[in-house]
> 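One structure, as C-alpha cells, below. Some questions next.
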Amino acid sequence: MSVLIAGCGDVGTETGLRLAAAGHRVIGWRRNPQKLPPQLEAVAADLTGDLPTIPDDVRTVIITASAPVREPEAYRAAYLGAARNIAAALTRDAVVPDRVLYVSSTAVYGESRGGVVDESTDPAPPSWRGEVQVEAEALLAEHFAGTGTAFTALRLGGIYGPGRTMLIDRVTSGRAVLPTEPTFTNRIHRDDAAEAIVHLTQRVTDPAALYLGVDTEPAELGDVLRFLAAELGQPVPPTGEVSAQAGSKRCSSAALRATGFTFAYPTYRQGYRAVLAGEGTRHP
Ligand SMILES: NC(=O)c1ccc[n+]([C@@H]2O[C@H](COP(=O)([O-])OP(=O)(O)OC[C@H]3O[C@@H](n4cnc5c(N)ncnc54)[C@H](OP(=O)(O)O)[C@@H]3O)[C@@H](O)[C@H]2O)c1
C-alpha cells in the first residue's frame, strides 16, 4: 500500500518518515525532491502544473503543500490550484484512494473575542488566506463525494517545533510584546501534526470530514511569551499593541482526541521545552 504526500515539506516529511517506518511505500512530491530523505521515494512535481503519473497502488493521498510567499496569487496556486490538479490527476490515472487528507488551517475562522471554535463552527475567514483554504477544502470535498474516497480536512493551528522558533526568537531578540487585551492563540507541535495525519489516515476507521488540529490548551499569547521568557532567562517582555491578525479564539481538538489520538506535546509548555532542549530537526 503506497502513500502519496503532495507538497512534502516539514510536516509532510515527518509524516512520511513515520509511515515509512511503519512499512509503507511513501512517495513525496515537491519541486525540490533532492531535499527529501532516502526513506521517501522523491519525485519532482510542481503542483501548479502537469503532475506525474500516480502509481495505481496509492491508497492514501496527503496534501501538505504551503505557499512560498504570502500573496493572494501564490496562495491560490499553492492551495486551490494544487487541490484541483491533484484531483484531476487522480481521475486521469483512474486511481481511487481510500483516504485523501488535506492540511488546512484554523485561519478559516473569524472568531476574535476568545470564543470556543470547533468543527461545528462555521468558517468566516477574516482574510484572503482563510478564504483560499475554505475554497480548496470545498473543491476537494465536492470532488470526492460519493467516489468511495473518504476526504478529510485537518485544520491546523500555528505549527511550532524544531527550527520553527518564531516566538522564541521574538523573546530572545527583545521584540516580544505582551498584548494589552487577552489574546487566545492555538498551536500544535510539528510532530503532533504529523502523528495526527498518520492517525487519521491509517488508524481511524471512519474519519469525519473535518478535524481541528491544535493541542489541548488554547493559550493566551501573553502567557506563552512569559513562559518562554522565564525558560530562556530573559526579562518579561513589555506590554503594548499587538496586531490581532489571527484573531482571538479558543480552538478545541476534542473531536481529534475522541478518535483516540494522544498528544506527545499536549500544551505549549511540553512542546517548547522540547524545542529549547534541541530535540528533533526541521525538515528542509
Ligand atoms: N505554518 C503554520 O503555522 C501553519 C498553520 C496551519 C496550517 N499550515 C499548513 O501546514 C501544511 C504543512 O506546512 P509545512 O510547515 O510542512 O510547510 P513547508 O515546510 O513549507 O512545506 C511545504 C512544502 O510545499 C512544497 N511546495 C510548495 N509549493 C509547491 C508546488 N507548487 N509544487 C510542489 N510542492 C510545493 C515545498 O517544497 P518545494 O519548494 O520543494 O516545492 C515545501 O516543501 C501546509 O499546508 C500549511 O499551509 C501551516
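Quantities reported herein were computed from a predicted structural model and do not represent experimental measurements. Atoms within a ligand are numbered from 1 in the order they appear, just like the ligands themselves.
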> Could you list the atoms of ligand 1 found under 4.0 angstrom from a heavy atom of Y79?
45 (O), 46 (C), 47 (O)

> Check this for me - ligand 1, N32, N or O atoms closer than 3.5 angstrom, yes or no?
yes

> Give the residue and atom name of whichever protein heavy atom lies nearest to atom 29 (C) of ligand 1, and the separation in Å to one decimal.
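Answer for atom 29 (C) of ligand 1: R31 NE, 3.5 Å.
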
> Please tell me if the side chains of Q202 and L19 come closer than 4.5 Å, counting only heavy atoms from C-beta onward.
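Answer yes - side chains close enough.
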
> Just jot down the ligand 1 atoms closer than 4.0 angstrom to any heavy atom of S105, in number order.
6 (C), 7 (C)

> Got a salt bridge between D57 and R25, using NZ or NE/NH1/NH2 to carboxylate O under 4.0 Å?
yes

> Judged by non-hydrogen atoms, does S104 sit under 4.0 Å from ligand 1?
yes

> Would you name the heavy atoms of L212 and C251 that are closest together and state the gap between them?
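That closest heavy-atom pairing would be CD2-CB, 3.8 Å.
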
> How does R164 reach ligand 1, by side chain, by backbone, by both or by neither, if only non-hydrogen atoms under 4.0 Å count?
side chain

> With a heavy-atom distance limit of 4.0 Å, tell me whether A45 approaches ligand 1 through its side chain, its backbone, both, or neither.
backbone

> At the 4.0 Å heavy-atom cut-off, does G157 count as touching ligand 1?
yes

> Please classify the C8 to ligand 1 contact at 4.0 Å (heavy-atom distances, strictly less than): side chain, backbone, both or neither.
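Backbone only.
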
> How close does the nearest protein non-hydrogen atom get to atom 32 (N) of ligand 1, and which residue and atom is it?
L47 N, 2.8 Å

> Find out whether I168 and Y160 are in side-chain contact, i.e. whether some heavy atom of one side chain is under 4.5 Å from a heavy atom of the other.
no

> Evaluating non-hydrogen atoms only, which member of I159, T15, T13 is closest to atom 3 (O) of ligand 1?
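Nearest heavy atom to atom 3 (O) of ligand 1 lies in I159.
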
> Can you confirm whether the side chains of R273 and Y265 place a donor and an acceptor under 3.5 Å from each other?
no

> Going by distance alone, is a donor N or O of one side chain under 3.5 Å from an acceptor N or O of the other, for Y75 and Q133?
no

> Check whether more than 12 heavy atoms from other residues, nucleotides or ligands sit under 6.0 Å from atom CD of E142, and answer yes or no.
no

> Distance to 0.1 Å, residue and atom name: give those for the protein heavy atom nearest to atom 31 (N) of ligand 1.
D46 OD1, 2.9 Å

> Students should be able to answer this: which protein heavy-atom is nearest to atom 16 (O) of ligand 1, and at what distance?
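Going atom by atom, the protein heavy atom closest to atom 16 (O) of ligand 1 ends up being V11 N, 2.8 Å.
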
> Any atoms of ligand 1 less than 4.0 Å from a non-hydrogen atom of G158? List them with their elements.
3 (O)

> Using only heavy-atom distances, determine whether the side chains of H24 and S2 contain a donor-acceptor pair under 3.5 Å.
no

> Regarding T185 and R187, is there a side-chain donor-to-acceptor distance under 3.5 Å anywhere?
yes

> For atom 21 (O) of ligand 1, what's the nearest protein heavy-atom neighbour? Residue, atom name and distance, please.
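Here the nearest protein heavy atom works out to G9 CA, 3.2 Å.
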
> Taking N or O atoms only and a 3.5 Å limit, does D10 qualify as a polar contact for ligand 1?
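Yes; at least one N/O pair falls below 3.5 Å.
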
> In this structure, would F263 and V11 fall into the same cluster of hydrophobic residues linked by side-chain contacts under 4.5 Å?
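As far as the 4.5 Å side-chain criterion goes, V11 and F263 are connected within one cluster.
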
> Between ligand 1 and Y160, can you find any atom pair, the residue atom being a heavy atom, that is separated by under 4.0 Å?
no

> Is any NZ, NE, NH1 or NH2 atom of the basic residue among E131 and R76 found under 4.0 Å from an Asp or Glu carboxylate oxygen of the other?
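No, no charged N to carboxylate O under 4.0 Å.
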
> Return the residue, atom name and 0.1 Å-rounded distance of the protein heavy atom closest to atom 11 (C) of ligand 1.
V103 CG1, 3.5 Å

> Which residue owns the protein heavy atom closest to atom 6 (C) of ligand 1, what's the atom, and how far is it?
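The protein heavy atom lying closest is L156 O, 3.2 Å.
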
> For atom 27 (C) of ligand 1, which candidate among S66, G49, P68 holds the nearest heavy atom?
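The option holding the nearest heavy atom is S66.
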
> So that I can tick it off, tell me whether E119 and R155 are bridged by a salt bridge, with the cut-off set at under 4.0 angstrom between side-chain N and carboxylate O.
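Here R155 does not pair with E119 in a salt bridge, since their nearest N and O are not under 4.0 Å apart.
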
> Salt bridge check: are E217 and R269 linked by an N-O gap of less than 4.0 Å?
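Counted as a salt bridge, because a side-chain N and a carboxylate O are separated by less than 4.0 Å.
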
> For the 3.5 Å polar cut-off, considering only N or O atoms, please tell me whether A78 and ligand 1 meet it.
no

> Using a distance-only test with no angle check, is there a side-chain donor-acceptor pair under 3.5 angstrom linking D169 and S173?
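No pair is found: no donor N or O on one side chain lies under 3.5 Å from an acceptor on the other.
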
> Around atom 12 (C) of ligand 1, find the nearest protein heavy atom and jot down its residue, atom name and distance.
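Of the protein heavy atoms, T64 O, 3.5 Å lies nearest.
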
> Under 4.0 Å from a heavy atom of T48: which atoms of ligand 1 are those, numbered in the order shown and with their elements?
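Answer, ordered by atom number: 31 (N).
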
